[in-house]
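Take a look at the structure below.
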Amino acid sequence: MEELMTHKTIDESRQGEALTLPDRANGPGSKKFYIESYGCAMNFADSEVVASILQNEGFGSTTEPEVADLIFINTCSIREKAEQTVRKRLTTLKSYKRKNPGMLVGVLGCMAERLKTALLEEEKLVDIVVGPDAYRTLPQLISEAETGQKAVNVLLSREETYADISPIRLNSNAVTAFVSIMRGCNNMCSFCVVPFTRGRERSRDAYSVVKECEALFNEGYKEVTLLGQNVDSYHFIDEAGNKAISFANLLAMVADISPELRVRFSTSHPKDITDDVLFTIAKYENICNYIHLPVQSGSTRILSLMNRTYSREWYVAKVNRIREILPDCGLSTDMIVGFCTETEDDHQQSLSLMEYCQYDLAYMYFYSERPGTLAARRFEDDIPEEVKKKRLQQMVDLHRIHSLKSMQKDVGKTFKVLIEGVSKKNDGELFGRNDQNKVIVFPKENFQKGQYVNVKVERCTAGTLIGKVVW
Ligand code: SAM
Ligand code: SF4
Ligand code: F3S
């Protein structure tokens with residue numbers, strides 16, 4: 001069944017992207033690794049940690065899987081389709097291994113964690129299986145696999161944050177970067193596999209986050225996105241300073257690096273985002289006015305079955321509060337249709353909530369049962385596929401109207417835009433984003449990526465604002 005969605009932090013076009021290091025990292029005679037990433041931004045950020053660990057061990061990299069000594073696939077388990085994509089990809093890799101029998105194939109990330117050694121049984125070509133908290137042991141696992149044994153480490157940790165590892169920025173535009181601030185998730189949303197694949201929530205040392213962001217800024221980066229499954233529950237105890245650092249504190253610390261460094265973050269959980277966070281966003285010009293606030297459903301009954309711990313009314317009050325404190329804030333969400341027992345009335349409530357919130361962006365999915373989750377154990381996945389499909393299509397159609405309206409509202413306005421690069425569709429144009437995370441394209445003239453410019457919007461499509469630089 002085809003999955004429908006609009007935007008993503010990591011959009012569909014980047015799924016399966018091969019990551020590469022600059023050539024200088026490829027030492028003479030070094031073994032070469034190839035790494036491909038699937039799933040969310042956290043997985044893409046993890047691949048940069050993996051690259052750093054491998055580079056420190058003297059491995060080089062390649063973007064061509066055919067010539068690699070080691071192939072790593074960093075995988076996602078969030079929906080069944082995500083796993084099917086990886087399995088298809090593994091099938092293609094078989095032909096490379098046939099031509100180059102010495103090649104080792106490793107599965108990393110959430111699917112490795114979910115399936116553990118079963119993956120070795122199911123996918124015979126796989127030599128190495130490594131869960132998200134075990135990347136430091138990759139060099140030993142590779143040595144083990146080189147002797148012909150299968151190598152597995154899927155131990156989850158309560159402490160690992162890779163705080164001391166400087167990720168190697170792969171396929172970077174040298175302007176924007178992801179920075180992980182925490183790992184795991186302590187929420188138990190009944191549909192979600194993440195607590196099982198990523199383990200308990202832990203916050204990374206705040207000073208190591210600031211140091212990494214400072215280093216990025218000094219290298220010329222102009223935007224960092226702080227990443228976690230639930231950033232608002234960030235909580236770091238600074239034992240030396242004898243104080244607790246909250247997410248609002250961390251945002252301020254990163255924003256203080258320089259007014260020229262933009263700060264974004266993802267993802268917020270409606271139950272945890274505080275007024276403190278909203279006031280911190282309001283206070284700093286360089287903290288972007290954009291919040292991704294997944295709701296999942298507009299029906300309180302379904303929200304309760306999902307174990308989201310808030311009601312429709314509670315969520316609406318949160319959105320009202322955001323609009324009160326941050327009137328220009330961009331707002332996006334995640335929605336699931338066809339969750340267990342969802343009635344037509346529940347679905348209508350999701351649509352009416354979308355009507356109320358008028359999201360600028362929405363990522364919409366139909367429910368995909370994940371083995372081992374609370375929902376899989378407790379409830380029947382009882383909504384027929386064609387009903388899920390129909391509801392998803394209705395939701396996508398409704399959201400299209402909202403997103404177009406949101407774009408049209410911006411025509412005639414002028415925004416500060418951080419230039420990210422040359423437009424994919426027209427090399428005479430540049431593109432960047434405004435504070436609210438909307439993509440804006442404009443004529444190139446003599447502008448460079450990494451520069452801030454003011455762009456007056458002249459027209460729009462459903463996904464892009466189009467304008468001209470003004471002074
Ligand atoms: N931590 C974030 C949160 O609390 O919203 C997002 C986590 S998940 C990586 C991204 C989105 O995938 C979720 O917000 C949810 O909409 C969707 N998702 C998770 N499990 C799903 C499932 N079993 N079926 C369909 N969509 C799912
Ligand atoms: Fe999954 Fe819920 Fe955690 Fe998000 S908050 S990762 S949806 S369990
Ligand atoms: Fe997928 Fe794991 Fe991210 S399941 S969405 S890669 S945390």
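Atoms within each ligand, like the ligands themselves, are counted from 1 in listed order.
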Give every pair made of an N or O atom of ligand 1 and a protein N or O atom lying under 3.5 Å apart, one pair per line with both atom names and the distance to 0.1 Å, or write 'none'.
from, atom 1, to, atom 2, distance (Å)
ligand 1, 1 (N), Gln229, O, 2.7
ligand 1, 1 (N), Gln229, OE1, 3.0
ligand 1, 4 (O), Arg308, NH1, 3.3
ligand 1, 5 (O), Gln296, NE2, 3.3
ligand 1, 12 (O), Arg79, NH1, 3.2
ligand 1, 14 (O), Gln296, NE2, 2.7
ligand 1, 14 (O), Asp334, OD2, 2.5
ligand 1, 16 (O), Gln296, OE1, 2.7
ligand 1, 18 (N), Arg79, NH1, 3.4
ligand 1, 23 (N), Phe191, O, 3.0
ligand 1, 23 (N), Ser368, O, 2.8
ligand 1, 24 (N), Ser368, N, 3.0
ligand 1, 26 (N), Arg79, NH1, 3.2

In sequence, state the C-alpha distance, the side-chain angles, and the governing distance for Val129 and Thr117, and then conclude on side-chain contact (heavy atoms from CB on, under 4.5 Å).
CA-CA 7 Å; Val129 175; Thr117 47; over 6 Å; no
Please test Arg198 against Glu113 for salt bridge (Lys or Arg N to Asp or Glu O under 4.0 Å), starting from the C-alpha separation and ending with a verdict.
CA-CA 8 Å; Arg198 295 245 159 196; Glu113 192 61 51; over 6 Å; no
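A salt bridge is absent between Lys150 and Glu123; no separation between the charged side-chain nitrogens and carboxylate oxygens falls under 4.0 Å. Contact check on Asp133 versus Arg200 returns no salt bridge, with no Lys/Arg side-chain nitrogen under 4.0 Å from an Asp/Glu carboxylate oxygen. Remark: Arg321 engages Glu324 in a salt bridge, criterion side-chain N to carboxylate O under 4.0 Å. A salt bridge links Arg136 with Asp164: the distance from a Lys NZ or Arg NE/NH1/NH2 to an Asp or Glu carboxylate oxygen falls below 4.0 Å. Taking 4.0 Å as the cut-off between side-chain N and carboxylate O, Asp345 and Arg301 do not count as a salt-bridged pair.
Residues Thr274 and Phe247 form no side-chain contact, since every pair of their non-hydrogen atoms from C-beta on lies 4.5 Å or further apart. Within the 4.5 Å cutoff, the side chain of Pro294 has heavy atoms near those of the Thr267 side chain. In this structure, the side chains of Ser297 and Ser350 come closer than 4.5 Å at one or more pairs of heavy atoms.
Side chains of Asp397 and Gln393: a donor-acceptor N/O pair is present below 3.5 angstrom, by distance only. A donor-acceptor pair shorter than 3.5 Å can be found between the side chains of Tyr207 and Asp238. Side-chain atoms of Ser332 and Tyr290 form a donor-acceptor pair, as typed in the model, at a separation below 3.5 Å.
Only protein atoms were considered; those of element N, O or S under 2.8 Å from atom 1 (Fe) of ligand 2 number 1.
With Asn187 as reference, Lys271 is the one residue of Gln229, Glu201, Lys271 to meet the side-chain hydrogen bond (donor to acceptor under 3.5 Å, both in side chains) rule.
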What side-chain donor-acceptor pairs closer than 3.5 Å can you find for residues 189-197, not counting sequence neighbours?
from, atom 1, to, atom 2, distance (Å)
Ser190, OG, Leu305, O, 2.8
Thr197, OG1, Val194, O, 3.3

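Listed by atom number, the atoms of ligand 2 under 4.0 Å from Arg308 heavy atoms are 2 (Fe), 7 (S). Residue-ligand proximity, His269 to ligand 2, at heavy-atom distances under 4.0 Å covers atoms 5 (S). Shown in contact with Gln229 at under 4.0 Å from a heavy atom are these atoms of ligand 3, numbered in order with element: 7 (S).
Shown are the protein N/O/S atoms under 2.8 Å from atom 1 (Fe) of ligand 3, given by residue and atom: Cys76 SG.
Contact analysis leaves Arg198 out of contact with ligand 2, as no non-hydrogen atom separation drops below 4.0 angstrom.
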